[in-house]
2 protein chains.
Amino acid sequence: MGMSAHDPNLTPLFTALGDASRRAMLERLMQGPATVTELAQLSGFALPTVLRHLAVLTEAKLVASEKSGRSRIFRALPQHLTPATDWLGQQRRIWETRLDQFEAFLATQQGA
Amino acid sequence: MGMSAHDPNLTPLFTALGDASRRAMLERLMQGPATVTELAQLSGFALPTVLRHLAVLTEAKLVASEKSGRSRIFRALPQHLTPATDWLGQQRRIWETRLDQFEAFLATQQGA
DNA sequence: CCAATACTTAGCTTATCAGCTAAGTTTCTC
DNA sequence: GAGAAACTTAGCTGATAAGCTAAGTATTGG
């Protein structure tokens, strides 16, 4: 909030991943498409509960769905995980840079 | 819940990252240690609010702190981002495997 | 010692989340 | 065209989250 200007849509993304049931549903969908009832049976939750989780995943663009007859088919959109991996990679690079600077600093202390 | 057995501590981790203020604080701490007041001034939040966010980051083991006089110094623990990167990497591998399978399937259709 | 600094704790408010049941609506299937 | 199947919508409940103020404790500097 106000502190970091750069932010594609990381908040809905990480929020969606911050729940074990949703991660489990996403993992299931990575294996292939599934209907709401199928996901409900796997998770043991009631249909509306599952639909709510799927709505959160949809907001994060991690899944999409289409109606087919009376069923709705959900499938994963794994490419939309990349903002998360990118941000994490960026943080790792920042950290490694700091390590390098620290090592360089240690090197300057060698001859003291 | 009950669907995926493997889970180190991904939920607190992704939950901690699912808030822009906390990501901003973490990014700040990646540059080096800081006191609570410093982080409060940067974010514009009241001290207790900042402390709450830092508690969430601490639960996720993304930061640690020590008391030094009347100040408390927070620093980032970037190595604890790895469960998140690992999980994301695993999902990407699963997806790529599926792509490979699909391409293999297409290849079998070539001569038909 | 006493006042300022810096954190800490307690507790309040509003909003959101995760789960549910019950009651629709739409689409097969016979 | 009626009933079952599959989703959808509405709305309830209890718990958690995010922000705050106010009041407390601990440390330091003069």
Side-chain angles (χ1 to χ4, degrees), chain A residues 1-4 7 9-29 32-75, chain B residues 1-4 7 9-29 32-75:
Chain A
M1 305 208 47
M3 203 160 158
S4 88
D7 207 285
N9 36 16
L10 287 175
T11 297
L13 190 44
F14 281 126
T15 299
L17 297 178
D19 180 286
S21 313
R22 282 194 291 267
R23 283 197 305 280
M25 288 180 196
L26 187 56
E27 287 177 12
R28 164 62 188 82
L29 290 175
T35 67
V36 183
T37 327
E38 230 173 306
L39 294 167
Q41 284 167 348
L42 276 178
S43 64
F45 288 132
L47 272 196
T49 304
V50 172
L51 267 172
R52 186 73 199 90
H53 281 306
L54 289 168
V56 173
L57 287 168
T58 304
E59 268 183 54
K61 298 195 196 303
L62 287 173
V63 307
S65 68
E66 28 167 344
K67 206 67 200 271
S68 160
R70 54 188 157 174
S71 297
R72 180 173 289 279
I73 313 287
F74 276 87
R75 48 190 88 241
Chain B
M1 309 217 50
M3 203 158 158
S4 89
D7 208 286
N9 34 15
L10 286 176
T11 298
L13 190 44
F14 281 126
T15 300
L17 296 178
D19 180 285
S21 314
R22 282 194 291 266
R23 283 197 305 279
M25 288 180 197
L26 187 56
E27 287 177 13
R28 164 62 189 81
L29 290 175
T35 66
V36 183
T37 328
E38 230 173 306
L39 294 167
Q41 285 167 348
L42 277 179
S43 65
F45 287 132
L47 271 197
T49 304
V50 172
L51 267 172
R52 187 72 199 91
H53 281 306
L54 289 168
V56 173
L57 288 168
T58 303
E59 269 184 53
K61 298 195 195 303
L62 287 172
V63 307
S65 68
E66 28 168 344
K67 206 68 198 274
S68 160
R70 54 189 156 176
S71 298
R72 179 173 290 278
I73 313 288
F74 276 86
R75 49 190 87 243

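- Heavy-atom nearest nucleotides on DNA chain C were determined for A:Lys67 and for B:Ile73, and the one closer to the 5' end corresponds to B:Ile73.
- Checking side-chain atoms of A:Arg22 against main-chain N and O of A:Leu17 turns up no donor-acceptor pair under 3.5 Å.
- Going from atom CG of A:Leu54 over to atom C1' of D:dT9 covers 16 Å, rounded to whole Å.
- Within 4.0 Å of A:Thr49, counting heavy atoms only, lies at least one base atom of the nucleic acid.
- Spacing between atom CG of A:Asp19 and atom C1' of C:dT16 amounts to 14 Å, rounded to whole angstrom units.
- Map B:Arg52 and B:Gly44 each onto its nearest nucleotide of DNA chain D; the residue landing nearer the 5' end is B:Arg52.
- A straight line from CG of B:Leu57 to P of D:dA18 spans 11 Å, rounded to a whole angstrom.
- Rounding to whole angstrom units, CG of residue A:Leu47 and P of C:dG19 are separated by 14 Å.
- The phosphate of C:dT8 (OP1 or OP2) has no side-chain N or O of B:Arg70 nearer than 4.0 angstrom.
- Within the 4.0 Å cut-off from OP1 or OP2 of D:dT8, at least one side-chain nitrogen or oxygen of A:Arg72 is found.
- As rounded to whole Å, 14 Å separates atom P of D:dA6 from atom CG of A:Leu39.
- Nearest heavy-atom pair, B:Val50 versus B:Ala40, reported as atom, atom and distance to 0.1 Å: CG2-CA, 3.6 Å.
- If you measure from atom CZ of B:Phe45 to atom C1' of D:dA18, you get 8 Å, rounded to the nearest angstrom.
- Judged by closest nucleotide on DNA chain C, A:Thr15 is the one of A:Ala46 and A:Thr15 placed further toward the 5' end.
- The side chain of B:Arg22 lies closest to D:dA18 when the candidates are C:dA18, C:dC20, D:dA18.
- For the OP1/OP2 pair of D:dG19 and a distance below 4.0 Å, the side-chain nitrogens and oxygens of B:His53 include at least one atom meeting the criterion.
- Under a 3.5 Å cut-off, the side chain of A:Thr35 and the backbone N or O of A:Glu38 do form a donor-acceptor pair.
- Pairing each heavy atom of B:Thr11 with each of A:Ala20, the nearest pair is OG1-N, 3.9 Å.
- The nearest whole Å value for the distance from the CG atom in B:Leu51 to the P atom in C:dG11 is 17 Å.
- Heavy atoms only, all atoms of each residue included: B:Ala60 and B:Leu13 are closest at CB-CA, 3.9 Å.
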